[in-house]
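A, B, ... follow the sequence lines: proteins, then strands. Residue 1 opens every chain.
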Number of protein chains: 2
Amino acid sequence: MSSVIKVLLAEDQGMMRGALALLLGLEEDIEIVAQVGDGDEIVPQALAVRPDIALLDIELPGRSGLDAAADLRTRLPECRVLILTTFGRPGYLRRAMEAGASGFLVKDGPVEDLAAAVRRVLAGERVIDPALAAAALSAGPNPLTQRERDVLAAAVDGATVADIAAKVHLSPATVRNYLSAAIGKTGTRNRMEAVRAARQNGWL
Amino acid sequence: MSSVIKVLLAEDQGMMRGALALLLGLEEDIEIVAQVGDGDEIVPQALAVRPDIALLDIELPGRSGLDAAADLRTRLPECRVLILTTFGRPGYLRRAMEAGASGFLVKDGPVEDLAAAVRRVLAGERVIDPALAAAALSAGPNPLTQRERDVLAAAVDGATVADIAAKVHLSPATVRNYLSAAIGKTGTRNRMEAVRAARQNGWL
DNA sequence: GGCCTGCTGTGACATTTGTCTTCCCATGCC
DNA sequence: GGCATGGGAAGACAAATGTCACAGCAGGCC
């Protein structure tokens with residue numbers, strides 16, 4: 001391995017971002033060429049600096065890291081994507097794979113894993129926690145339809161049926177139907193539990 | 001300053017904990033003498049290694065970092081406490097001060113702040129983000145009574161009135177009364193919004 | 001063409017939730 | 001003693017929520 005690995009790092013928490021950048025910078029074969037704290041900056045920055053690998057958090061201000069990953073796949077196909085997230089949710093992993101990510105790492109693990117994962121991804125490997133992969137397979141695909149997700153997502157902060165109806169441009173009666181369907185499919189008793197369950201599985 | 005600053009680090013996210021430990025370890029005058037990922041281990045570890053300062057996250061498995069801080073105040077008074085948290089919630093800051101913390105840092109800021117804050121706390125200063133202090137003062141104290149907090153906390157995951165009543169050993173009618181009071185005091189429209197608001201302010 | 005699925009909408013119904021008023025009882029304060 | 005305060009509880013009522021059955025319409029599949 002002769003040349004240095006160029007890394008783009010997207011992470012919203014300043015202290016985490018700075019710490020990871022410093023740590024990876026200590027490795028001789030790794031160089032951080034861009035740091036962003038907002039999902040909307042990922043693609044423009046990547047196009048500007050052309051990194052070998054993008055290290056993306058999922059939950060960011062602006063666009064989600066998963067959306068950005070899908071975009072990078074088409075706009076900068078030579079750039080690998082390694083998702084780095086707090087939550088090892090089955091649905092997240094599934095969506096990451098569909099978005100063309102080469103790896104999926106949870107922030108719970110030891111720091112040493114990170115540089116190792118970067119190198120393995122660059123070597124062409126797929127890096128995925130085996131336990132998480134098993135969970136994603138056993139959990140099955142997302143049972144919620146697009147509309148059900150929309151409505152449930154609009155219900156997160158305690159919005160009333162009328163609020164949700166206005167937000168998604170549907171009749172209040174229809175909103176209640178979708179909520180009822182989502183509650184049924186998630187096996188829960190009310191929308192609050194349904195939201196919890198959907199979040200837990202990475203279905204939103 | 002002749003001797004080295006001994007630091008105990010409590011943080012649940014493995015990667016964050018490792019990264020912070022490595023970073024602080026790079027400073028010549030700082031040594032990490034203990035790392036814990038569980039709130040229940042803070043006090044025992046502190047008593048064992050007797051650090052000069054404890055760097056505590058608030059939201060941990062086991063005991064909250066705030067509870068541990070209050071305990072350290074009495075069990076190991078010579079140990080300063082610096083709270084390091086994701087969420088700059090007014091209620092958290094207030095409770096941290098009441099628990100005898102010497103500083104309150106949010107994880108959003110740059111990493112350089114951390115070592116600086118540690119040194120300043122050890123020098124006897126109080127380290128608090130001025131904007132956050134202002135917010136905490138303007139927000140006023142927690143308006144919720146103990147019971148209202150209990151009931152609201154039991155309502156977080158979509159529990160029904162009956163569930164909550166069973167959990168806190170109250171009559172369902174009383175639970176509804178408290179929920180109504182909490183909704184009124186938070187200026188919200190339903191329990192879901194009330195829970196959000198209370199969380200936001202660090203009142204739970 | 002038939003069949004299924006998904007999206008949108010209604011109306012009716014039972015249940016849950018939120019609000020208000022009232023009550024009892026203990027505590028503490030003057 | 002007199003009196004406010006706060007926790008706990010009940011009942012009554014209106015509003016919101018969850019369920020169900022049904023219906024029209026589009027698209028995809030065999």
Visitor: I need the minimum non-hydrogen distance between A/V4 and A/I30, along with the two atoms involved.
Guide: CG1-C, 3.9 Å

Visitor: Between B/T145 and B/N190, who's closer to the 5' end of DNA chain D by nearest nucleotide?
Guide: B/T145

Visitor: Rounded to the nearest Å, what distance is computed from the CE atom of residue A/M192 to the P atom of nucleotide D/dG18?
Guide: 11 Å

Visitor: Nearest whole angstrom, please: distance from the P of C/dT16 to the CD1 of A/I183.
Guide: 13 Å

Visitor: A side-chain contact here means heavy atoms from C-beta on lying under 4.5 Å apart; do A/E27 and A/V118 qualify?
Guide: no

Visitor: Which atoms form the tightest heavy-atom contact between B/D163 and A/R189, and what is the distance?
Guide: OD2-NH2, 2.7 Å

Visitor: Near DNA chain C, which residues from residues 148-156 of chain B have a heavy atom under 4.0 Å away?
Guide: none

Visitor: Can you tell me how far C1' of D/dG7 sits from CG of B/L144, to the nearest Å?
Guide: 16 Å

Visitor: Considering all heavy atoms of both residues, which atom of A/R89 and which atom of A/N201 are nearest to each other, and what is their separation?
Guide: CB-C, 4.1 Å

Visitor: Which ones in residues 159-180 of chain A lie close to DNA chain D, meaning a heavy atom under 4.0 Å from one of its atoms?
Guide: A/T160, A/V161, A/R176, A/N177, A/S180

Visitor: Under 4.0 Å from OP1 or OP2 of C/dG18: is there any side-chain N or O of B/R189 that close?
Guide: no

Visitor: Does C/dT8 have OP1 or OP2 sitting under 4.0 Å from an N or O in the side chain of A/R147?
Guide: yes

Visitor: Determine whether B/I42 and B/L60 make a side-chain contact, defined as any pair of heavy atoms from C-beta on separated by less than 4.5 Å.
Guide: yes

Visitor: Quiz question: by atom type and distance under 3.5 Å, do the side chains of B/E193 and B/T186 form a donor-acceptor pair?
Guide: no

Visitor: I need the CD-P distance between B/E193 and C/dG18, as an integer number of Å.
Guide: 11 Å

Visitor: Between A/R17 and A/D57, does at least one N-O distance fall below 4.0 Å, as a salt bridge requires?
Guide: no

Visitor: State, with a plain yes or no, whether a side-chain heavy atom of B/R73 is found less than 4.5 Å away from one of B/D71.
Guide: no

